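Written out below as structure tokens is the structure these notes cover.
Since we're looking at a predicted model, the values are computed, not measured.
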Amino acid sequence: MRSSNSGPNGPTGNDPLNEGSVSILRQPGAVWATAGASVVAFMGIGLVDPILPSIAKGLQATPSQVSLLFTSYFLITAVAMLVTGFVSSRIGGKKTLLAGLAVVVVFAALSGTSDSVGELVGFRAGWGLGNALFVSTSLAVIVGAAAGGSAAAILLYESALGLGMACGPLVGAVLGDASWRYPFFGTAALMAVGFIAITAFLKEQPKPARKTSLLDPLKALGHGGLASAAASAFFYNYAFFTVLAFTPFVLNMSPYRSGAVFFAWGVLLAVFSVLVAPRLQKRFGSLKVLGGSLLLLAVDLIVLGYGSHTAAVVGTIVSGAFIGLNNTVYTELALGVSDAPRPVASAGYNFVRWFAAAAAPFLAPKIEEWTNIHIPFVVAAVAAVVGAGIVWVRRASLRHEAAELEPQHRTEDGVTVFAN
């Protein structure tokens, strides 16, 4: 995920760390406030990973019931993608961020008070709505407020994503070792701090020149390239969230051990997303990197499913590298492959792919109940291969140069990029 100096076939070689004359670390308080809140928002995705078995035990629920925590969260997130652009283009980025944060604070706190798995699943759905409002707007706000150019701003955003994905399981483990309820209360408190920081430091950003309608993201999917990227990402996300939501039950570790495994997983995700992906794209091109990474993820999933316990631990950690590569390339493709304004293209793309994130956590334990513990990973591996196949078959439509779209994106978006 980079700025206009990068097209789907690979970046041009500009270094986001040195874009302009301003250091990436010398940013206004508004940028750090938004980036910090973004870290906590992404923490919320993996927060429940190490405590899933504890939640199941505490609420006397089955693995498939507890996995609905992911399903409800991402199902609402997917649908909300059609609404976020509509809202932010009318009330502005700051108010949208604050609305999302407020919703997360309320529903994260309510999640910690749940007395049944049904209540917890419902509260996680509300959490998903708040997270969609916040995450879908935060990058555009960071780009609009950052010093040093858009590439530096995007690098900050990607770093926040990776740090959040890495720290979520660790925080969940530390707080969840005492009680599975504490991670939810902790997240609510951190997001409340983020709400105060954004209120204090962030000025309202300019609204887009054109208001987004509810149907614009769906209309954008009529473009063959964007539809291809979204379809491939759908199958990839199924594999991704099989690892994230189902593996904790397979590893069957204490919260601390499971948190350590997923912390290492998140570190690899961050490193490969921010540091490794740009270099591989420059050398091999984005589509080759994406196709190869998807196939390697499929192999890793087979090892994870059929290997020993040690192999499963190693396979879980290693999958973070492939997931980091894929996340970066997919987002870049979604932003640059069509002529739709980037907020609209991003909303349409995310609308499709988050449905797989909702399906995998529910289907994986069900498939295990119907068959055995190996088959969910086989299904996930097949999904990754299908994603790679779509990239290969549709490679011509995925090679559209983002640079050709820059004037239209600048005019209609008001910012250089907008994603996730």
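Taking 4.5 Å as the limit, every side-chain heavy atom of F86 sits out of range of all side-chain heavy atoms of L82. At least one side-chain heavy atom of N372 sits under 4.5 Å from a side-chain heavy atom of I375. Between D300 and L296 there is no side-chain heavy-atom pair separated by less than 4.5 Å. Residues F249 and V66 are in side-chain contact: their nearest non-hydrogen atoms beyond the backbone lie under 4.5 Å apart. At a threshold of 4.5 Å between non-hydrogen side-chain atoms, the residues I373 and V250 count as touching. Residues W354 and Y73 have side chains not in contact (no heavy-atom distance under 4.5 Å, counting atoms from C-beta outward). The closest side-chain heavy-atom distance from L68 to V117 is not below 4.5 Å. The shortest distance between side-chain heavy atoms of L297 and S319 falls below 4.5 Å.
When all heavy atoms of F355 and L75 are compared, the pair lying nearest together is CE2-CD1, 3.5 Å. Of all heavy-atom pairs between R394 and S228, the closest is NE-OG, 2.7 Å. For the pair A233 and Y349, the tightest heavy-atom approach, listed with the atom from each and the gap, is CB-CE1, 3.5 Å. Between T34 and F134, the shortest heavy-atom distance links the atoms O-CZ, 3.9 Å. Taking both residues in full, the closest heavy atoms of A334 and A345 are given as O-CB, 3.7 Å, listed atom of the first, atom of the second, then distance. Between S111 and W180, the shortest heavy-atom contact is O-CZ3, 4.0 Å.
Remark: side-chain polar atoms of R279 are not paired, donor with acceptor, to backbone N or O of V276 under 3.5 angstrom. Judged by distance alone, the side chain of S72 and the main-chain N or O of V121 form a donor-acceptor pair under 3.5 Å. Checked by atom type and distance alone, the side chain of T71 never pairs as donor or acceptor with a backbone atom of A359 at under 3.5 Å. Of the possible donor and acceptor atoms, one in the side chain of N326 sits under 3.5 Å from a partner among the backbone N and O of F322. For the pair Y236 (side chain) and I323 (backbone), a donor-acceptor distance under 3.5 Å is present. The backbone N or O of L244 sits nowhere less than 3.5 Å from a side-chain atom of T247 that would complete a donor-acceptor pair.
Rounded to the nearest 0.5 angstrom, S286 OG and Q281 CD are separated by 3.5 Å. With rounding to the nearest 0.5 angstrom, the CD1 atom of I390 is 9.5 Å from the CG atom of L398. Rounding to the nearest 0.5 Å places CG of N327 at 9.5 Å from OG of S293. If you take CG on L287 and OG on S232, they are separated by 9.5 Å, rounding to the nearest 0.5 Å. Interatomic distance, I317 CD1 to F263 CZ, rounded to the nearest 0.5 Å: 11.0 Å. Here the straight-line distance linking atom CD of Q65 with atom CG of L59 works out to 9.5 Å at 0.5 Å rounding.
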(request) Evaluate the side-chain contact (heavy atoms from CB on, under 4.5 Å) criterion for residues V329 and L333: first the C-alpha distance (whole Å), next the side-chain angles of each, then the deciding distance (0.1 Å), finally the verdict. (result) CA-CA 6 Å; V329 180; L333 287 176; 4.2 Å; yes

(request) Start with the C-alpha distance between L290 and L294, add both sets of side-chain angles, then the distance that settles side-chain contact (heavy atoms from CB on, under 4.5 Å), and finish with yes or no. (result) CA-CA 6 Å; L290 182 58; L294 286 167; 4.1 Å; yes

(request) Show the numbers, then the answer: is there a side chain to side chain donor-acceptor pair (under 3.5 Å) between T328 and S273? (result) CA-CA 6 Å; T328 293; S273 177; 2.7 Å; yes

(request) Go through Y238 and L363 one step at a time and tell me if the side-chain contact (heavy atoms from CB on, under 4.5 Å) criterion holds. (result) CA-CA 10 Å; Y238 185 93; L363 290 178; 3.7 Å; yes

(message) Evaluate H309 against M253 for side-chain contact (heavy atoms from CB on, under 4.5 Å), listing each step before the verdict.
(response) CA-CA 11 Å; H309 186 269; M253 293 175 160; 3.4 Å; yes

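Aromatic rings of F377 and F246 (six-membered ring for Trp) have centroids within the 6.0 Å cut-off, being under it. In this structure, F184 has its ring center at least 6.0 angstrom away from the ring center of F123.
Each of V105, V39, V104, V40 was evaluated against L190; a single residue qualifies, V40, per the side chain to side chain contact (heavy atoms under 4.5 Å, CB included) test.
Classification of the Y306-H374 ring pair by plane angle, with boundaries at 30° and 60°, yields parallel.
Crowding of F362 atom CZ: a count of heavy atoms from other residues, nucleotides or ligands under 6.0 Å not exceeding 12.
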